[in-house]
Q: 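Dropping the structure in here first, questions after.
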Amino acid sequence: MPKIDRAKLFRQMGYTSLFEYVTKSLKLSESVAYGLITVIRKSSEIPELKLAIEQGDLSLSRAKVMTSVITKANASLLI
């Protein structure tokens with residue numbers, strides 16, 4: 001789980017949830033915020049996903065689609 005999520009740092013900034021922080025502070029749309037949070041959380045579980053995004057091998061939109069099916073067992077196959 002990402003540090004800001006795990007430590008609930010968004011609460012120290014006056015937000016009740018990570019989603020509220022992302023939509024209000026970062027001014028992202030609800031759909032983009034949901035997708036980003038989903039990918040971030042899955043990336044902390046599956047480091048290969050994060051690496052593929054960072055290296056430009058996988059777009060955020062494609063990663064979002066993969067979050068519902070990717071596991072540690074099938075990560076290398078899907079990525």
Side-chain angles (χ1 to χ4, degrees):
M1 185 174 291
K3 182 179 180 179
I4 193 169
D5 200 7
R6 183 179 59 252
K8 307 292 185 215
L9 296 177
F10 51 83
R11 288 190 180 154
Q12 295 174 8
M13 295 180 267
Y15 298 98
T16 59
S17 68
L18 181 57
F19 182 79
E20 182 183 25
Y21 166 73
V22 173
T23 55
K24 292 186 177 178
S25 177
L26 302 180
K27 309 256 189 262
L28 297 179
S29 70
E30 290 184 359
S31 62
V32 170
Y34 174 76
L36 182 60
I37 291 168
T38 302
V39 170
I40 288 169
R41 287 178 176 163
K42 186 59 83 165
S43 293
S44 68
E45 181 183 322
I46 302 173
E48 298 92 341
L49 183 63
K50 180 181 179 184
L51 184 61
I53 294 166
E54 288 175 342
Q55 292 178 340
D57 297 330
L58 188 64
S59 69
L60 281 173
S61 59
R62 187 163 290 225
K64 180 182 172 283
V65 171
M66 293 172 66
T67 59
S68 64
V69 295
I70 195 168
T71 64
K72 289 181 181 183
N74 68 14
S76 61
L77 179 65
L78 293 176
I79 298 171

Q: Answer yes if L77 and L49 sit in the same cluster of Ile, Leu, Val, Met, Phe, Trp and Tyr residues linked by side chain heavy atoms under 4.5 Å apart, and no otherwise.
A: no
Q: Can you tell me which residue pairs pass the salt bridge (Lys or Arg N to Asp or Glu O under 4.0 Å) test with a partner in residues 60-79, sequence neighbours excluded?
A: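 Counting only pairs at least two positions apart or across chains, no salt bridge (Lys or Arg N to Asp or Glu O under 4.0 Å) contact touches residues 60-79.
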Q: Calculate, to the nearest 0.5 Å, the distance between atoms CD1 and NZ belonging to I37 and K42 respectively.
A: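 So the CD1 of I37 and the NZ of K42 are separated by 15.5 Å.
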Q: Looking at Q55, I want to see if its CD is surrounded by more than 12 non-hydrogen atoms of other residues, nucleotides or ligands under 6.0 Å.
A: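 Yes.
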Q: Tell me whether K24 contacts the main-chain N or O of Y21 through its side chain, where contact means a donor paired with an acceptor under 3.5 Å.
A: no
Q: Distance from F19 atom CZ to L28 atom CG, nearest 0.5 Å?
A: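 The distance works out to 9.5 Å.
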Q: Among residues at least two apart in sequence or on other chains, which ones pass side chain to side chain contact (heavy atoms under 4.5 Å, CB included) with S61?
A: S59
Q: Tell me the closest heavy-atom pair linking I53 and A63, and the distance in Å.
A: CD1-CB, 3.7 Å
Q: Treating Ile, Leu, Val, Met, Phe, Trp and Tyr as nodes and any side-chain heavy-atom pair under 4.5 angstrom as an edge, say whether L26 and V32 lie in one connected cluster.
A: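 Shared cluster, yes.
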Q: Could you check whether any side-chain heavy atom of I79 comes within less than 4.5 Å of a side-chain heavy atom of M66, counting everything from C-beta outward?
A: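 Yes, their side chains come closer than 4.5 Å.
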Q: Which heavy atom of S29 sits nearest to which heavy atom of T23, and what is that distance?
A: O-CG2, 4.2 Å
Q: Measure from the ring center of F10 to the ring center of Y15 and say whether it is less than 6.0 Å.
A: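 No, the ring centres sit 6.0 Å or more apart.
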Q: Same cluster or not: are L58 and V65 linked, directly or through other Ile, Leu, Val, Met, Phe, Trp or Tyr residues, by side-chain heavy atoms under 4.5 angstrom apart?
A: no
Q: Calculate, to the nearest 0.5 Å, the distance between atoms OG1 and CD1 belonging to T67 and I40 respectively.
A: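 CD1 of I40 is found 12.0 Å from OG1 of T67.
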Q: Sequence neighbours left out, what passes side chain to side chain donor-acceptor pair (under 3.5 Å) with T16? Give chain and number order.
A: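 In terms of side chain to side chain donor-acceptor pair (under 3.5 Å), with neighbours along the sequence ignored, T16 is linked to E20.
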Q: Do L78 and L51 belong to the same hydrophobic cluster, where Ile, Leu, Val, Met, Phe, Trp and Tyr are linked whenever their side-chain heavy atoms lie under 4.5 Å apart, directly or via other members?
A: no
